[in-house]
J.: 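Starting off with a structure, shown below.
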Amino acid sequence: MKVGVERRDAVDTHVDVVASGLFEREGSEQALPESLAREDKALDGALSAAWNRHEIKGKAKELTVFHRGGSAGRLAIVGLGPRGALTAERLRRASAEVVRALRGKAARTLSFRLPTFVAGSIDAAVAGRALVDGAVLGAYQFVKYKTSGEGNVEEVALHLGEELSREERTLKREVETEALLCENVLWTREIANLPADTATPERLAEEARALGKEFGLKVTVFDEKALAQMHCGGILAVGGGSVHPPRMITIEYPGDGRRGRTVAVVGKGITFDSGGISIKPAAEMANMKFDKSGAVAVLGILRAAALLKVATRVVGVLCCAENLPSGHAYRPGDVVRTFNGKTIEILNTDAEGRVVLSDGLGYVVQKYRPDAVIDLATLTGAEVIALGDDTAGLVSTDDALAEGLLAASAQTGEPVWRMPLTDYHRELVKSEVADVRNSTEIRVAGMLTAAAFLETFVTPVPWAHLDIAGPAYTTVTTRKFQPAYMNPGATAFGVRLLTRYLQSLGTA
Ligand code: BES
Ligand code: ZN
Ligand code: ZN
């Protein structure tokens with residue numbers, strides 16, 4: 001999608017649709033807000049008439065499209081809720097509502113009249129960025145396998161008008177960066193949405209190599225032979241049941257080399273999770289093609305770091321395997337030895353994410369001595385039960401790291417909630433025959449016992465674990481309750497979040 005900033009007032013431009021924001025009535029307020037006088041004039045008073053008879057109220061999600069006569073385009077009035085409650089997230093959603101409603105409605109060009117979306121602490125830059133997020137992310141559809149489709153908005157412009165004309169330079173810069181970030185999210189979604197027959201571990205390695213080539217990043221792919229030499233027994237065990245052999249992939253972004261800090265980002269890359277011998281029920285198994293979302297997010301994060309030239313050195317690790325039952329599959333009762341020598345008793349082959357991550361975490365800690373490790377994984381069903389489809393669970397051994405991630409979350413609108421990790425959880429993952437067990441004896445706090453398991457492979461390095469089982473993808477059912485910028489399929493959750501976090505550490 002083409003995104004730009006224009007000086008002219010949007011109402012005067014010849015585009016298919018001009019969108020303006022409308023706040024809800026507050027207190028004794030009766031007249032249509034002054035900020036919409038231009039729209040009302042262009043509509044010969046039809047807008048104030050609709051407002052006066054309480055047909056249009058400005059509530060969130062409310063969208064009214066007016067048709068002007070002749071060659072003049074449409075005017076879309078989108079509700080923003082009360083002025084005093086305006087947030088960037090409200091604007092993201094409103095903007096996505098507009099582009100979604102225009103899908104298949106012969107609207108190729110869309111202009112936002114920016115002054116109508118600004119209020120209180122939401123200044124032109126924050127509003128502009130949020131509108132771009134909503135429009136670009138909201139217009140996205142995974143159409144690779146569609147032979148026909150509906151037209152989407154293709155060009156979006158933010159119009160400053162008289163009121164905001166002094167902000168042009170700042171806005172151009174902000175909008176350009178935000179559009180780049182969103183394009184990067186769509187790039188990530190395109191890979192995360194690929195089904196498991198296509199997105200095999202080797203295919204993810206190819207994507208990483210291509211990325212490395214484009215941005216001059218060092219990429220290393222460990223195939224099954226290399227993994228055997230390195231004693232990565234975890235990834236090999238999980239990948240053993242599939243004809244598509246496992247891969248561990250590392251990608252290094254050097255940073256500016258001055259500050260010398262290294263952040264490692266490790267992703268769970270299960271290209272399909274059938275559960276293995278501990279097989280899952282058929283219902284919803286298809287969604288387990290999204291079990292690679294953490295690893296694919298790592299690709300997107302490394303790409304963003306390179307695109308935006310963040311100052312910090314970033315090392316990405318993708319732990320990729322397909323979890324299938326077969327005569328070669330690993331089984332409950334097996335004990336595997338991982339990269340750092342620690343052993344795992346397998347009790348449930350469906351708790352495979354932590355098993356592949358054990359090698360990736362152990363490896364990155366030993367090889368790169370990072371200052372912080374952050375992992376992203378669609379790790380547990382318990383996370384979805386605890387926090388829902390929209391929120392990621394955060395477990396961290398480092399308060400500064402956790403707070404940095406929560407601050408980034410507040411800015412990007414990707415919800416994250418911190419959860420505790422205690423000796424109770426650590427006790428639950430102790431094994432009779434190995435160092436740790438991959439599934440506990442009693443079914444409590446599944447998100448946190450999984451975290452306690454991972455912790456044993458990263459200590460003492462400061463670490464944050466993001467369980468993204470809920471927000472990594474939406475389905476036709478769950479998206480009904482989600483913001484309009486979440487489409488059915490992969491969301492690329494974590495890409496904007498971690499990019500923001502890395503940016504907060506400084507840019508080169
Ligand atoms: N990939 C699943 C977790 C998951 C569930 C992700 C639903 C997204 C939506 C993971 O590998 C898994 O199966 N975990 C088990 C662990 C259990 C066997 C200890 C779970 O959560 O049930
Ligand atoms: Zn599983
Ligand atoms: Zn899984």
Side-chain angles (χ1 to χ4, degrees), residues 192 196 199 201 234-235 237-242 246 266-297 318-325 329-334 344-358 360 375-393 395 419 425 428-429 431 436-454 465-475 477-479 482 488-491 493-494:
I235 297 188
V238 173
S242 170
V266 183
K268 169 178 173 180
I270 299 299
T271 59
F272 186 71
D273 182 13
S274 70
I277 298 295
S278 316
I279 200 159
K280 288 181 181 292
E284 294 182 30
M285 201 198 270
N287 289 332
M288 287 300 117
K289 67 180 171 188
F290 299 122
D291 212 22
K292 60 183 179 304
S293 297
V296 180
L318 287 71
C319 306
C320 305
E322 186 175 34
N323 187 22
L324 290 181
Y330 79 140
R331 26 182 130 43
D334 287 359
I344 303 170
E345 181 188 10
I346 304 298
L347 286 153
N348 187 321
T349 63
D350 195 13
E352 83 298 335
R354 62 198 81 182
V355 180
V356 297
L357 287 169
S358 67
D375 77 78
L376 286 152
T378 47
L379 204 61
T380 64
E383 192 277 330
V384 194
I385 302 296
L387 296 175
D389 284 307
D390 66 332
T391 303
V395 171
M419 302 294 282
H425 309 117
L428 279 156
V429 295
S431 162
V436 278
R437 52 192 290 153
N438 83 329
S439 166
T440 56
E441 211 173 318
I442 54 169
R443 214 164 133 236
V444 291
M447 167 174 25
L448 309 177
T449 53
F453 176 104
L454 296 180
H465 160 58
L466 285 163
D467 192 334
I468 57 169
Y473 63 90
T474 63
T475 65
T477 322
T478 63
R479 85 154 302 281
Q482 297 254 17
T491 60
F493 185 99

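In listed order, ligands and their atoms are each counted from 1.
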J.: What's the atom name of the N, O or S in E352 nearest to the Zn ion (ligand 2)?
T.: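 It is OE1, the N, O or S atom of E352 closest to the Zn ion (ligand 2).
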J.: When you compare ligand 1 with V384, is there at least one nitrogen or oxygen pair between them that comes in under 3.5 angstrom?
T.: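 Checking ligand 1 against V384, no N or O pair falls under 3.5 Å apart.
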J.: So, does E383 sit close enough to ligand 1 that a heavy atom of it is under 4.0 Å from the ligand?
T.: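 No heavy atom of E383 comes that close to ligand 1.
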J.: Looking at atom 22 (O) of ligand 1, what's its closest protein heavy atom, distance included?
T.: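 The answer is G381 N, 4.4 Å.
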J.: Considering all heavy atoms of both residues, which atom of T271 and which atom of A196 are nearest to each other, and what is their separation?
T.: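 The pair with the smallest heavy-atom distance is O-CB, 3.3 Å.
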J.: What is the minimum heavy-atom distance between I235 and A321, and which atoms define it?
T.: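 Reported closest heavy-atom pair: O-CB, 4.2 Å.
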J.: Please confirm whether E284 approaches ligand 1 to less than 4.0 Å, judged on its heavy atoms.
T.: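 Under 4.0 Å: no for E284.
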J.: Quick check: does D273 get an N/O under 3.5 Å from an N/O on ligand 1?
T.: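 Indeed, backbone or side chain, D273 has an N or O that close.
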J.: Under 3.5 Å, side chain of T349 to main-chain N/O of P332, donor-acceptor pair present?
T.: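 Such a contact is absent between T349 side chain and P332 backbone.
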J.: Polar contacts were defined as any N/O atom of the residue lying under 3.5 Å from an N/O atom of the ligand; does this apply to N438 and ligand 1?
T.: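 There is no such contact.
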J.: Are any side-chain N or O atoms of N438 and backbone N or O atoms of R354, one a donor and one an acceptor, separated by less than 3.5 Å?
T.: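 Absent.
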J.: Closest heavy-atom contact between H465 and A451?
T.: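 What the structure gives for the nearest pair is CD2-CB, 3.8 Å.
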J.: Quick one: which ligand 1 atoms are inside 4.0 Å of a heavy atom on M288?
T.: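 Selected atoms, number and element: 1 (N), 6 (C), 7 (C), 8 (C), 9 (C).
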J.: Which N/O/S atom belongs to D273 and is the closest one to the Zn ion (ligand 2)?
T.: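 Going through the N, O and S atoms of D273 one by one, OD2 ends up nearest to the Zn ion (ligand 2).
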J.: Please walk me through it: do I270 and M288 pass side chain to side chain contact (heavy atoms under 4.5 Å, CB included)?
T.: CA-CA 8 Å; I270 299 299; M288 287 300 117; over 6 Å; no
J.: F290 and T378: which non-hydrogen atoms are nearest, and at how many Å?
T.: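 Result for this residue pair: O-CG2, 3.9 Å.
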J.: The Zn ion (ligand 3) is nearest to which N, O or S atom of D291?
T.: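 Per the distance ranking, D291 contributes OD2 as its closest N/O/S atom to the Zn ion (ligand 3).
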J.: If I compare all heavy atoms of E322 with all of P201, which pair ends up nearest, and what's the gap?
T.: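 Shortest heavy-atom separation between E322 and P201 comes out as N-CG, 4.2 Å.
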J.: For E352, counting its heavy atoms only, list the atoms of ligand 1 lying under 4.0 Å from any of them.
T.: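 This gives 11 (O) as the contact atoms.
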J.: Any N/O of R354 closer than 3.5 Å to an N/O of ligand 1?
T.: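 R354 vs ligand 1: no N/O contact under 3.5 Å.
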J.: Just to be sure I read this right, does ligand 1 sit under 4.0 Å from the backbone of L379, its side chain, both, or neither, counting only heavy atoms?
T.: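 Backbone only; the side chain of L379 stays clear of ligand 1.
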J.: Indicate yes or no for a side-chain donor-acceptor contact from S358 to the backbone of V355 under 3.5 Å, with no hydrogens or angles considered.
T.: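 A pair under 3.5 Å: yes.
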J.: At under 4.0 Å between heavy atoms, which part of K268 makes contact with ligand 1: side chain, backbone, both or neither?
T.: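 Looking at K268 and ligand 1, just side chain atoms fall under 4.0 Å.
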J.: Within ligand 1, which atoms have a heavy atom of T378 less than 4.0 Å away?
T.: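 So the atoms of ligand 1 that pass are 1 (N), 2 (C), 3 (C), 6 (C).
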J.: What protein heavy atom is closest to atom 17 (C) of ligand 1, reported as residue, atom name and distance in Å?
T.: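 I find the closest protein heavy atom is A351 CB, 4.2 Å.
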J.: What part of N348 sits under 4.0 Å from ligand 1 if we count only heavy atoms: the side chain, the backbone, both or neither?
T.: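 N348 to ligand 1: side-chain contact only, backbone stays beyond 4.0 Å.
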J.: Check step by step if side chain to side chain contact (heavy atoms under 4.5 Å, CB included) holds for T474 and D389.
T.: CA-CA 8 Å; T474 63; D389 284 307; over 6 Å; no
J.: Between T491 and A472, is there a donor-acceptor pair closer than 3.5 Å when you use the side chain of the first and the backbone of the second?
T.: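 Yes, because the side chain of T491 sits within donor-acceptor range (under 3.5 Å) of the backbone of A472.
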J.: Show the atoms of ligand 1 that are less than 4.0 angstrom away from any heavy atom in T380.
T.: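 Taking each heavy atom of T380 in turn, ligand 1 has 3 (C), 21 (O) under 4.0 Å.
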J.: Provide the number and element of each atom of ligand 1 under 4.0 Å from a heavy atom of K280.
T.: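 Atoms satisfying the 4.0 Å criterion: 2 (C), 12 (C), 13 (O).
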J.: If the cut-off is 2.8 Å, does any N/O/S atom of K268 fall short of it from the Zn ion (ligand 3)?
T.: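 Here the distance criterion (N, O or S atom, under 2.8 Å) is met by K268, so yes.
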J.: Of all the non-hydrogen atoms in the protein, which one sits nearest to atom 12 (C) of ligand 1, and at what distance?
T.: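 The closest one turns out to be D350 O, 3.1 Å.
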J.: Does the pair K268 and D375 meet the rule for a side chain to side chain contact (heavy atoms under 4.5 Å, CB included), with working shown?
T.: CA-CA 8 Å; K268 169 178 173 180; D375 77 78; over 6 Å; no
J.: D291 to ligand 1: N or O pair under 3.5 Å?
T.: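 Right, the criterion is met.
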J.: Given side chain to side chain contact (heavy atoms under 4.5 Å, CB included), test F272 with D291 step by step and report yes or no.
T.: CA-CA 6 Å; F272 186 71; D291 212 22; over 6 Å; no
J.: Report yes or no: does S242 contribute a side-chain atom to a donor-acceptor pair with the main-chain N or O of L324 at less than 3.5 Å?
T.: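 Answer holds: no.
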J.: Backbone, side chain, both or neither: what part of Y473 comes under 4.0 angstrom of ligand 1, heavy atoms only?
T.: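 For Y473, the contact with ligand 1 is made by the side chain alone.
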